[in-house]
Protein chains: 2
Amino acid sequence: MATIKDIAQEAGVSLATVSRVINNGPKVGDATRKRVKQIMLEMGYRPNANARALVTQRSASFGIVLPELSDPFFATMAHGIESVTRKIDVQILMSTGSIEKATELKAIETLLEHRCNAMVVHSKALDDATLINFAKTIPGFVLINRYIEEIGNRCVWLDNIAGGQTMARHMLNQGHTKFVIVSSKYQIDDPVDRIAGIKQELAENGITLSPDMIEYSTPDQEGGEIAMQNFLAKGTEFTAVLAYNDAMASGAMTMLQDHNIDVPNEVSVIGYDDVLLAKYCRPKLTTLRYPIEMMAVKATELALQYAAGTVPEADCTFKYAPTIVKRESVGKAIS
Amino acid sequence: MATIKDIAQEAGVSLATVSRVINNGPKVGDATRKRVKQIMLEMGYRPNANARALVTQRSASFGIVLPELSDPFFATMAHGIESVTRKIDVQILMSTGSIEKATELKAIETLLEHRCNAMVVHSKALDDATLINFAKTIPGFVLINRYIEEIGNRCVWLDNIAGGQTMARHMLNQGHTKFVIVSSKYQIDDPVDRIAGIKQELAENGITLSPDMIEYSTPDQEGGEIAMQNFLAKGTEFTAVLAYNDAMASGAMTMLQDHNIDVPNEVSVIGYDDVLLAKYCRPKLTTLRYPIEMMAVKATELALQYAAGTVPEADCTFKYAPTIVKRESVGKAIS
DNA sequence: TTGTATGCGTTATCAG
DNA sequence: CTGATAACGCATACAA
């Protein structure tokens, strides 16, 4: 592959001059510039991004770490990030860490080896201290979907407690009093906070939730089915189902329908996330909108700014609140 | 950030020695190796991937170009790729080209600038000649979802003609004779081939499809709704709907249901792709399974092999055929 | 306006 | 077993 040297030779100029025309440097004669450009084209010259990164001490690629791509939620997140990097002609270096301490750590370190100076990371398994440490040493380090007080200005996150409250309130408004929760078995912040929010809202309305009104399962459709199956098997009485996410909500609905229980006339179901399937399933799912794409965009812009030297204000953070999307799966409580 | 030099100095050895322990080189004293490793740890040393790539002339990252990530289909594809690169500790450099000539070209070139020597690219807009040229100059260049005869051994693709035939045959087997097609308005290979397959199969059974039995729209749920609306508005008679993909099929079903037309008792609908939503929508969608994840894995392995020097056999290609997944949206024709 | 020289962090080829 | 030293491709401070 042709190098800067080759084309310098061919054009009969020095390396420096070629370098200047590549970077649109200021001090180059018009004729020279034109001739060099022509030769670059002819020889199919492509700047070597690695050499460039080495000498400039900055990579042209933006790092992202996320658990996986097959989940539409993360795909949407990646899409948000990509929508801003695309505009500024920056490539994405993707590292996956499957919600395990070791892999998440490795994912970040790989990005560091590539000298990415801006990155948005989704980490659930690593502890606060580790993340704080990264934030201290990497200017363009931004966390998404996580809040750590000490580095609040590096966090773009969703208020899951408020989310839980909103879910519960909506059901309460419809007259429901008998609740069950279909939750995730993975004890990361998210399910914990959402349940806390729900309990809080219910408590304010004089309702307490006993532990056996919560089923924990895998956060996918099958998990939702299993959880609902368990409630049904136990003979639990309820009219309102609060799910950890849309997939679980959908699974729960399927299981209800399989038992000839009508949604929403007999039982109401509410999801969380508002991913595509919420619109596709029948009845269409009432759910909470998780503005992940918007948040991803924000996180990316933030990372870019910080990496460029903007000093973040100390006392700020980027908190988002989920909003309710009313569709068809929630109805008035039967009295 | 600490460099190899720093740690050499600290350890009182030469650069070469440090480099050897980093790469698990053979000729290093046990004591020295241990000491150096210790110091690397203490100083938080991270090898510079760019410098490495520069000197070794090979990048440690695997390139992928695809239109976008928000589409579950491509997310699944990316997931397949990631599942193999993860094992060998290779990062993914992602470039998006939104089905436009210019952007697709740019996406590939960016990968080249990073000196990726293995990549799988999804390109629909670039012409054969350009792609053939890339294949000739990049050993690890593999195309996915496209077949070009001259570089057949670099292509991992789906036989869409066979797919069209399969769809049609399945409907014929159920006794259907009145068909409509809900197709994509983007005239790339895929919809064209599928329609060709359908027509071919129908023709063999003495059925010809007039042009007004095909509606073209955007390949998403809304497009499916619009297309179906058009058929309904025109008063078209049919009992079988063949959709370009699951999203369109789902949209078509919704529109039918809104008009109190029962699926599958009055009208049967078949999709294509078998993405997540096929399982979620009601009735569950009968569709064609597009083994995109498997294909992505294959493409990745291929790219890796070719990049490593394996010379592909001249006369081979990697063709996949979609298989039918029977669920609930197709029934016997009413007679 | 152009050229020369140096260094970025590594690997690899030599000698010791 | 270990140490100099020359690349790798490019940007840039300094000369001319």
Among C/dG3, D/dC8, D/dC10, the one nearest any side-chain atom of A/Arg20 is C/dG3
Round to a whole Å and report the spacing from CG of B/Asp6 to P of C/dG7.
-> 16 Å
Using a cut-off of less than 4.0 Å, is there contact between a side-chain N or O of B/Thr17 and OP1 or OP2 of D/dG3?
-> yes
Check every atom of D/dT12, C/dT10, C/dT11 against the side chain of B/Thr3 and return the nucleotide holding the closest atom.
-> C/dT10
Contact nearer the 5' end of DNA chain D, comparing B/Gly29 with B/Leu54 = B/Gly29
Atom-pair distance (CG on A/Leu15; P on C/dT1), nearest Å = 20 Å
Taken to the nearest whole Å, CZ/B/Arg58 to C1'/D/dA7 is 17 Å
Looking for any heavy atom pair under 4.0 Å, which part of the strands does B/Val13 touch: base, sugar-phosphate only, or nothing?
-> sugar-phosphate
Considering only side-chain heavy atoms of A/Asn23, which listed nucleotide, D/dG9, D/dA11, C/dT10, is closest?
-> D/dA11
Got a donor-acceptor contact below 3.5 angstrom from the B/Thr103 side chain to the B/Ile99 backbone?
-> no
Donor-acceptor pair between B/Glu104 and B/Ser123 side chains, under 3.5 angstrom = yes
Taking OP1 and OP2 of D/dC10, is either one under 4.0 Å from a side-chain nitrogen or oxygen of A/Arg52?
-> no
Just by modelled atom types, is the B/Phe141 backbone N or O under 3.5 Å from a matching donor or acceptor in the B/Arg154 side chain?
-> yes
Quick one: is B/Thr32 getting a side-chain N or O under 4.0 Å of the D/dT2 phosphate, OP1 or OP2?
-> yes
Look at all strands and tell whether B/Arg46 reaches a base, only sugar-phosphate, or nothing, counting heavy atoms closer than 4.0 Å.
-> sugar-phosphate
Winner on side-chain proximity to A/Ile22, out of D/dG9, D/dA11, C/dG3, is D/dA11
Nearest-nucleotide pick for A/Ser19, side chain only, options being C/dT4, D/dG3, D/dA11 = D/dA11
How close or far is atom P of D/dA4 from atom CD1 of B/Ile4, stated in whole angstroms?
-> 14 Å
Under 6.0 Å between ring centres, would you say that holds for A/Tyr290 and A/Tyr320?
-> no
Nearest-Å distance, CZ (B/Arg35) to C1' (D/dT2)?
-> 12 Å
For the side chain of B/Ala51, starting at C-beta, report the closest nucleotide among D/dA11, C/dC8, C/dT10.
-> C/dT10
Atom-pair distance (CD1 on B/Ile7; C1' on C/dT10), nearest Å = 13 Å
If you check every side-chain atom of A/Gln57, which of C/dT10, C/dG9, D/dC10 has the closest atom?
-> C/dG9
B/Gly152 backbone acceptor or donor facing B/Thr317 side chain under 3.5 Å = yes
May I have the distance from B/Arg115 (atom CZ) to D/dC10 (atom C1'), rounded to whole angstrom?
-> 11 Å
Atom CZ of A/Arg58: over 12 foreign heavy atoms under 6.0 Å | no
From C/dT10, D/dG3, C/dC8, pick the nucleotide closest to the side chain of B/Ser14?
-> D/dG3
Given C/dT11, C/dT2, D/dA11, the nucleotide with the shortest approach to the side chain of B/Val55 | C/dT11
Atom-to-atom span, CG of A/Asn48 to P of D/dA11 - whole angstrom | 10 Å
